Amino acid sequence: MNDFDFLHGSWDVANRRLSAPLASGPDTWVEFPGHAVIQPLFGGAGNIDEVTFPTLGRQGVTLRLFDHETKQWSIHWSDSRTGRLDPPVVGAFTGDRGDFYGQDVHDGRPIRVHFTWYRLGPGTARWEQEFSADEGRTWELNWTMNLTRTGGAGA
(Lines give C-alpha, C1' and ligand atoms only; values in the text may rest on other atoms or scores of the structure.)
Protein backbone atom coordinates (compact mmCIF):
# COMPACT_ATOMS: atom_id res chain seq x y z
CA MET A 1 0.00 0.00 0.00
CA ASN A 2 2.89 2.42 0.60
CA ASP A 3 4.64 1.77 -2.73
CA PHE A 4 4.72 5.44 -3.70
CA ASP A 5 5.91 6.82 -0.33
CA PHE A 6 9.36 7.27 -1.90
CA LEU A 7 7.91 10.11 -4.01
CA HIS A 8 6.67 12.30 -1.15
CA GLY A 9 8.47 15.65 -1.16
CA SER A 10 9.75 17.93 -3.90
CA TRP A 11 11.75 17.07 -7.01
CA ASP A 12 13.48 18.63 -9.97
CA VAL A 13 12.40 16.79 -13.10
CA ALA A 14 14.44 16.42 -16.28
CA ASN A 15 11.95 15.63 -19.05
CA ARG A 16 12.66 14.13 -22.44
CA ARG A 17 9.59 13.79 -24.68
CA LEU A 18 9.03 12.62 -28.22
CA SER A 19 7.49 15.54 -30.12
CA ALA A 20 5.19 13.36 -32.27
CA PRO A 21 4.46 9.96 -30.68
CA LEU A 22 3.41 7.14 -33.01
CA ALA A 23 4.16 9.26 -36.09
CA SER A 24 6.00 8.01 -39.12
CA GLY A 25 9.29 9.68 -39.90
CA PRO A 26 12.30 10.56 -37.79
CA ASP A 27 12.00 10.83 -34.03
CA THR A 28 12.51 14.29 -32.58
CA TRP A 29 13.04 14.51 -28.83
CA VAL A 30 12.39 17.68 -26.81
CA GLU A 31 14.01 18.23 -23.41
CA PHE A 32 12.54 20.55 -20.78
CA PRO A 33 12.73 21.09 -17.00
CA GLY A 34 10.03 20.57 -14.43
CA HIS A 35 9.48 20.77 -10.70
CA ALA A 36 7.14 18.42 -8.81
CA VAL A 37 5.69 18.46 -5.30
CA ILE A 38 4.10 15.22 -4.10
CA GLN A 39 1.87 14.97 -1.02
CA PRO A 40 0.51 11.80 0.63
CA LEU A 41 -3.19 10.98 0.93
CA PHE A 42 -5.07 8.35 2.96
CA GLY A 43 -2.08 7.34 5.10
CA GLY A 44 -0.02 6.27 2.10
CA ALA A 45 -2.85 4.66 0.11
CA GLY A 46 -2.74 7.60 -2.27
CA ASN A 47 -0.88 10.74 -3.22
CA ILE A 48 -1.23 13.78 -5.39
CA ASP A 49 1.41 15.76 -7.19
CA GLU A 50 1.59 18.96 -9.14
CA VAL A 51 4.36 19.29 -11.66
CA THR A 52 5.20 22.63 -13.25
CA PHE A 53 6.89 22.89 -16.63
CA PRO A 54 8.18 26.50 -16.56
CA THR A 55 9.52 26.64 -20.12
CA LEU A 56 6.24 25.25 -21.49
CA GLY A 57 3.99 27.50 -19.41
CA ARG A 58 1.81 24.66 -18.13
CA GLN A 59 1.26 22.29 -15.23
CA GLY A 60 0.12 18.74 -14.66
CA VAL A 61 -1.48 16.90 -11.77
CA THR A 62 -1.21 13.21 -10.96
CA LEU A 63 -3.56 11.39 -8.59
CA ARG A 64 -2.46 7.92 -7.46
CA LEU A 65 -4.88 5.70 -5.51
CA PHE A 66 -4.38 2.23 -4.03
CA ASP A 67 -7.31 -0.19 -4.39
CA HIS A 68 -7.40 -2.23 -1.18
CA GLU A 69 -9.42 -5.02 -2.81
CA THR A 70 -7.31 -5.58 -5.95
CA LYS A 71 -3.99 -4.48 -4.36
CA GLN A 72 -3.32 -2.35 -7.44
CA TRP A 73 -2.66 1.32 -8.02
CA SER A 74 -4.55 3.53 -10.42
CA ILE A 75 -2.71 6.56 -11.77
CA HIS A 76 -4.72 9.47 -13.17
CA TRP A 77 -3.18 12.43 -15.07
CA SER A 78 -4.52 15.86 -15.93
CA ASP A 79 -2.79 18.62 -17.88
CA SER A 80 -3.55 22.34 -17.66
CA ARG A 81 -3.79 22.45 -21.49
CA THR A 82 -6.95 20.32 -21.49
CA GLY A 83 -8.30 20.38 -17.94
CA ARG A 84 -9.35 16.76 -18.62
CA LEU A 85 -8.68 13.79 -16.36
CA ASP A 86 -7.16 11.16 -18.65
CA PRO A 87 -8.13 7.47 -18.35
CA PRO A 88 -6.12 5.76 -15.60
CA VAL A 89 -3.31 3.28 -15.91
CA VAL A 90 -3.47 0.42 -13.38
CA GLY A 91 -0.80 -1.85 -11.97
CA ALA A 92 1.61 -2.63 -9.16
CA PHE A 93 5.21 -2.71 -8.02
CA THR A 94 7.47 -5.73 -8.06
CA GLY A 95 10.56 -4.78 -6.09
CA ASP A 96 11.70 -1.31 -7.13
CA ARG A 97 9.85 -1.35 -10.48
CA GLY A 98 6.18 -0.51 -11.01
CA ASP A 99 4.31 -1.30 -14.23
CA PHE A 100 0.96 0.28 -15.02
CA TYR A 101 -1.22 -0.25 -18.12
CA GLY A 102 -4.28 1.42 -19.56
CA GLN A 103 -6.12 2.49 -22.68
CA ASP A 104 -6.50 5.93 -24.19
CA VAL A 105 -6.96 7.70 -27.52
CA HIS A 106 -4.10 9.46 -29.34
CA ASP A 107 -4.74 11.50 -32.50
CA GLY A 108 -8.18 9.95 -32.79
CA ARG A 109 -7.13 6.30 -32.57
CA PRO A 110 -7.25 3.90 -29.63
CA ILE A 111 -3.91 3.09 -28.01
CA ARG A 112 -2.51 1.21 -25.06
CA VAL A 113 -0.46 3.11 -22.50
CA HIS A 114 2.31 1.79 -20.25
CA PHE A 115 3.89 3.73 -17.36
CA THR A 116 6.99 2.39 -15.63
CA TRP A 117 8.22 3.74 -12.29
CA TYR A 118 11.74 3.00 -11.03
CA ARG A 119 12.74 3.59 -7.39
CA LEU A 120 16.46 4.30 -7.79
CA GLY A 121 17.32 5.39 -4.25
CA PRO A 122 16.37 8.03 -1.68
CA GLY A 123 17.24 10.94 -3.98
CA THR A 124 16.44 9.69 -7.47
CA ALA A 125 13.59 8.10 -9.40
CA ARG A 126 12.61 7.59 -13.04
CA TRP A 127 9.29 7.45 -14.89
CA GLU A 128 8.73 6.30 -18.47
CA GLN A 129 5.70 6.36 -20.76
CA GLU A 130 5.17 4.13 -23.77
CA PHE A 131 2.35 3.94 -26.33
CA SER A 132 1.23 0.98 -28.42
CA ALA A 133 -1.03 1.31 -31.47
CA ASP A 134 -1.12 -2.48 -32.10
CA GLU A 135 -2.76 -3.90 -28.95
CA GLY A 136 0.57 -4.09 -27.08
CA ARG A 137 2.56 -6.12 -29.60
CA THR A 138 5.08 -3.27 -29.93
CA TRP A 139 5.72 -0.25 -27.71
CA GLU A 140 7.19 3.17 -28.44
CA LEU A 141 8.92 5.02 -25.59
CA ASN A 142 7.78 8.64 -25.84
CA TRP A 143 8.42 10.41 -22.51
CA THR A 144 10.92 10.01 -19.69
CA MET A 145 11.26 11.91 -16.43
CA ASN A 146 14.42 11.70 -14.32
CA LEU A 147 13.64 12.98 -10.83
CA THR A 148 16.16 14.40 -8.35
CA ARG A 149 14.97 15.14 -4.82
CA THR A 150 15.11 18.77 -3.69
CA GLY A 151 13.20 18.49 -0.42
CA GLY A 152 11.25 16.21 1.88
CA ALA A 153 12.01 12.61 2.71
CA GLY A 154 10.72 9.43 1.13
CA ALA A 155 10.27 6.15 2.88
Side-chain angles (χ1 to χ4, degrees), residues 1-23 26-67 72-107 111-132 139-155:
M1 173 175 97
N2 299 93
D3 292 320
F4 279 105
D5 285 1
F6 74 98
L7 270 182
H8 300 161
S10 58
W11 302 79
D12 282 336
V13 183
N15 293 272
R16 186 171 185 259
R17 187 170 189 183
L18 198 57
S19 62
L22 300 177
D27 292 340
T28 303
W29 289 89
V30 178
E31 296 183 8
F32 53 95
H35 184 74
V37 177
I38 296 98
Q39 307 220 356
L41 299 171
F42 308 142
N47 65 41
I48 190 164
D49 75 51
E50 182 174 15
V51 60
T52 302
F53 307 111
T55 61
L56 303 181
R58 64 183 193 240
Q59 300 83 36
V61 169
T62 308
L63 175 64
R64 298 175 192 86
L65 297 170
F66 183 75
D67 184 316
Q72 293 195 313
W73 287 90
S74 60
I75 302 175
H76 307 262
W77 168 256
S78 183
D79 186 306
S80 63
R81 291 177 301 163
T82 66
R84 180 184 83 228
L85 192 61
D86 290 346
V89 294
V90 177
F93 275 84
T94 301
D96 287 331
R97 176 186 168 130
D99 287 286
F100 308 88
Y101 294 89
Q103 298 185 31
D104 205 342
V105 174
H106 179 73
D107 287 341
I111 62 166
R112 296 223 176 154
V113 180
H114 176 218
F115 288 4
T116 308
W117 271 103
Y118 299 95
R119 293 187 287 221
L120 302 175
T124 58
R126 180 176 171 90
W127 172 85
E128 297 176 349
Q129 175 180 270
E130 297 176 302
F131 288 168
S132 174
W139 293 92
E140 177 184 75
L141 179 67
N142 63 62
W143 193 352
T144 65
M145 292 182 171
N146 289 307
L147 292 84
T148 304
R149 183 176 300 284
T150 60

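Position 1 is the first residue of the sequence; numbering continues from there. Side chains are part of it too, since the values below use all heavy atoms of this structure and drop only hydrogens, waters and symmetry mates. Only a predicted model underlies this, so the values are computations on that prediction, with no experimental measurement involved.
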How many angstroms lie between atom CG of Asp99 and atom CH2 of Trp73, to the nearest 0.5 angstrom? 15.5 Å
From CZ (Arg97) to CZ (Arg126), nearest 0.5 Å: 11.0 Å
Would you say the side chain of [Y] lies within less than 4.5 Å of the side chain of [X], judging by non-hydrogen atoms?
{"X": "Trp117", "Y": "Arg64", "result": "yes"}
{"X": "Val37", "Y": "Glu50", "result": "no"}
{"X": "Val61", "Y": "Gln59", "result": "no"}

How would you list, by chain and number, every residue that makes a salt bridge (Lys or Arg N to Asp or Glu O under 4.0 Å) with Asp104, sequence neighbours excluded? none
Can you confirm whether the side chains of Ser74 and His76 place a donor and an acceptor under 3.5 Å from each other? yes
Does either side chain, that of Gln72 or that of Asp67, offer a donor lying less than 3.5 Å from an acceptor on the other one? no
Partner set under side-chain hydrogen bond (donor to acceptor under 3.5 Å, both in side chains) for Thr55, not counting sequence neighbours: none
Tell me, please, which residues at least two apart from Arg58 pass side-chain hydrogen bond (donor to acceptor under 3.5 Å, both in side chains). none
In terms of relative ring orientation, are Trp77 and Trp143 parallel, tilted or perpendicular, with 30° and 60° separating the classes? perpendicular
State which residues pass ring-ring contact (aromatic ring centres under 6.0 Å, His included) with Phe100; sequence neighbours excluded, sorted by chain then number. Phe4, Phe93
Restricting to non-hydrogen atoms, name the atom on [X] and the atom on [Y] that form the minimum distance, rounded to 0.1 Å.
{"X": "Asp3", "Y": "Arg119", "answer": "O-NH1, 2.8 Å"}
{"X": "Asn47", "Y": "Pro40", "answer": "CB-CA, 4.0 Å"}
{"X": "Gln129", "Y": "Phe115", "answer": "OE1-CE1, 3.3 Å"}
{"X": "Arg149", "Y": "His8", "answer": "NH1-O, 2.8 Å"}
{"X": "Ile38", "Y": "Leu7", "answer": "CB-O, 3.3 Å"}
{"X": "Leu22", "Y": "Ile111", "answer": "CD1-CG2, 3.7 Å"}

Mind jotting down which residue pairs meet the side-chain hydrogen bond (donor to acceptor under 3.5 Å, both in side chains) criterion with at least one end in residues 80-92? Sequence neighbours excluded, please. Asp79-Arg81, Arg84-Asp86
Distance-only donor-acceptor hits, side chain of residues 28-35, under 3.5 Å, sequence neighbours excluded:
unit_1 : atom_1 : unit_2 : atom_2 : d
His35  : ND1    : Trp11  : O      : 2.9
His35  : ND1    : Asp12  : OD1    : 3.1

